[in-house]
Novice: 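Next up is a structure, given as structure tokens.
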Amino acid sequence: CGVLLMATTQQYGGYTSMLDITDDLDVALFFTQSFLNQETKKYELCNPNQSNVIYVMAEGRGTCTLDVSTQMFKNATGNGINRLPPRIENQKCGLLTGASVFGKNAYGYRIVAKIHLHGDGILTTKKVEDMFPDLESDSLYKTYYDVEPKLVGLYG
């Protein structure tokens with residue numbers, strides 16, 4: 001249950017050592033064509049530029065990939081969860097666990113290709129509303145929004 005909590009924290013904007021991944025190319029394109037507006041705290045679509053990259057990563061048996069949408073939430077249905085939260089489902093969320101005090105960050109070793117995107121011809125079909133459903137549509141988002149923790153001390 002602790003991993004489920006950390007994974008949902010990551011997907012809803014919390015701080016973790018995990019890296020978001022997806023196996024859906026259109027979802028990946030969305031994130032190369034969007035940015036988080038710091039004033040509104042909402043994602044907005046933009047044109048791809050030279051810095052937009054999709055990383056293709058190798059995966060094999062025993063890797064540290066967590067497929068949030070198909071494994072963790074669906075396995076939690078016995079704990080009162082009867083459907084995937086819309087954000088998790090729409091983003092086809094997955095995660096790679098990051099480095100810890102016991103191990104090094106191995107993301108770089110798993111990259112097999114980098115797809116650089118730029119120009120007007122590469123467009124996602126996803127909309128911001130698809131990727132980030134509103135509070136009324138996503139009760140898990142509403143829960144995180146209502147209890148938004150405030151960082152103190154070292155971080156604030």
Side-chain angles (χ1 to χ4, degrees), residues 1-77 79 81-99 105-146 148:
C1 196
V3 175
L4 182 62
L5 177 61
M6 192 155 83
T8 55
T9 298
Q10 168 75 15
Q11 294 305 322
Y12 287 88
Y15 296 107
T16 72
S17 63
M18 296 179 154
L19 177 67
D20 293 328
I21 62 170
T22 184
D23 61 2
D24 186 302
L25 182 58
D26 206 15
V27 170
L29 281 171
F30 172 85
F31 284 102
T32 66
Q33 297 171 28
S34 63
F35 71 97
L36 180 62
N37 182 319
Q38 294 301 322
E39 289 179 21
T40 64
K41 302 294 185 204
K42 296 189 183 271
Y43 273 85
E44 297 177 12
L45 289 173
C46 61
N47 289 327
N49 61 47
Q50 293 288 357
S51 64
N52 298 113
V53 176
I54 294 176
Y55 291 94
V56 179
M57 303 185 118
E59 182 173 1
R61 285 190 204 140
T63 61
C64 54
T65 302
L66 296 175
D67 183 342
V68 176
S69 60
T70 60
Q71 290 176 6
M72 295 173 63
F73 276 96
K74 288 182 181 176
N75 291 340
T77 55
N79 296 328
I81 299 172
N82 57 11
R83 66 181 275 269
L84 293 174
R87 181 183 294 196
I88 303 287
E89 187 172 22
N90 294 352
Q91 291 182 12
K92 311 285 190 289
C93 297
L95 298 167
L96 290 176
T97 56
N105 185 331
Y107 298 146
Y109 298 110
R110 298 179 71 181
I111 297 171
V112 294
K114 292 180 188 178
I115 302 170
H116 295 271
L117 303 169
H118 54 89
D120 296 334
I122 306 166
L123 300 173
T124 180
T125 63
K126 303 291 183 186
K127 298 183 214 111
V128 173
E129 301 80 31
D130 296 335
M131 298 291 93
F132 299 95
D134 60 21
L135 292 172
E136 291 75 34
S137 303
D138 190 339
S139 59
L140 185 56
Y141 175 44
K142 181 169 180 13
T143 301
Y144 273 91
Y145 183 84
D146 289 345
E148 181 181 2

Novice: Return yes if some donor-acceptor pair links the side-chain N/O of Thr124 with the main-chain N/O of Asp26 below 3.5 Å, else return no.
Specialist: yes

Novice: Would you please classify the geometry between the Phe31 ring and the Phe132 ring as parallel, tilted or perpendicular, with 30° and 60° separating the classes?
Specialist: perpendicular

Novice: Between atom NZ of Lys142 and atom OG of Ser137, what is the distance when rounded to the nearest 0.5 Å?
Specialist: 12.5 Å

Novice: Could you measure the distance from the CG atom of Leu45 to the CZ atom of Phe35? Nearest 0.5 Å is fine.
Specialist: 9.0 Å

Novice: Of the non-hydrogen atoms in Asn90 and Asp130, which two are nearest, and what is the gap between them?
Specialist: ND2-O, 2.6 Å

Novice: Compare every heavy atom of Met57 with every heavy atom of Ile111, then report the nearest pair and how far apart it is.
Specialist: CG1-CE, 3.8 Å

Novice: Determine the minimum heavy-atom distance between Pro133 and Pro86, stating which atoms define it.
Specialist: CG-CB, 3.5 Å

Novice: If the condition is side-chain hydrogen bond (donor to acceptor under 3.5 Å, both in side chains), which residues does Asp20 pass it with, not counting sequence neighbours?
Specialist: Gln10, Gln11

Novice: Who are the side-chain hydrogen bond (donor to acceptor under 3.5 Å, both in side chains) partners of Thr40, not counting sequence neighbours?
Specialist: none

Novice: Any idea which heavy atoms bring Val53 and His116 closest together, and the distance?
Specialist: CG2-ND1, 3.4 Å

Novice: Quick one: pull up OH in Tyr43 and CD in Gln33 and give me the separation to the nearest 0.5 Å.
Specialist: 14.0 Å

Novice: For Lys42, which residues count as a side-chain hydrogen bond (donor to acceptor under 3.5 Å, both in side chains) partner, sequence neighbours excluded?
Specialist: none

Novice: Under 3.5 Å, is there a donor-acceptor pair between the side chain of Thr22 and the main chain of Ala28?
Specialist: no

Novice: How many angstroms lie between atom CD of Glu44 and atom CG of Leu36, to the nearest 0.5 angstrom?
Specialist: 9.0 Å

Novice: Return the CD to CG distance between Glu129 and Asp134, rounded to the nearest 0.5 Å.
Specialist: 9.0 Å

Novice: If you round to the nearest 0.5 Å, how far is CD1 of Ile115 from CG of Leu25?
Specialist: 6.5 Å

Novice: In the structure I gave you, are the side-chain heavy atoms of Lys126 and Leu29 within less than 4.5 Å of one another anywhere?
Specialist: no

Novice: Compare all side-chain heavy atoms of Thr125 with those of Phe30 and state whether any distance is below 4.5 angstrom.
Specialist: no

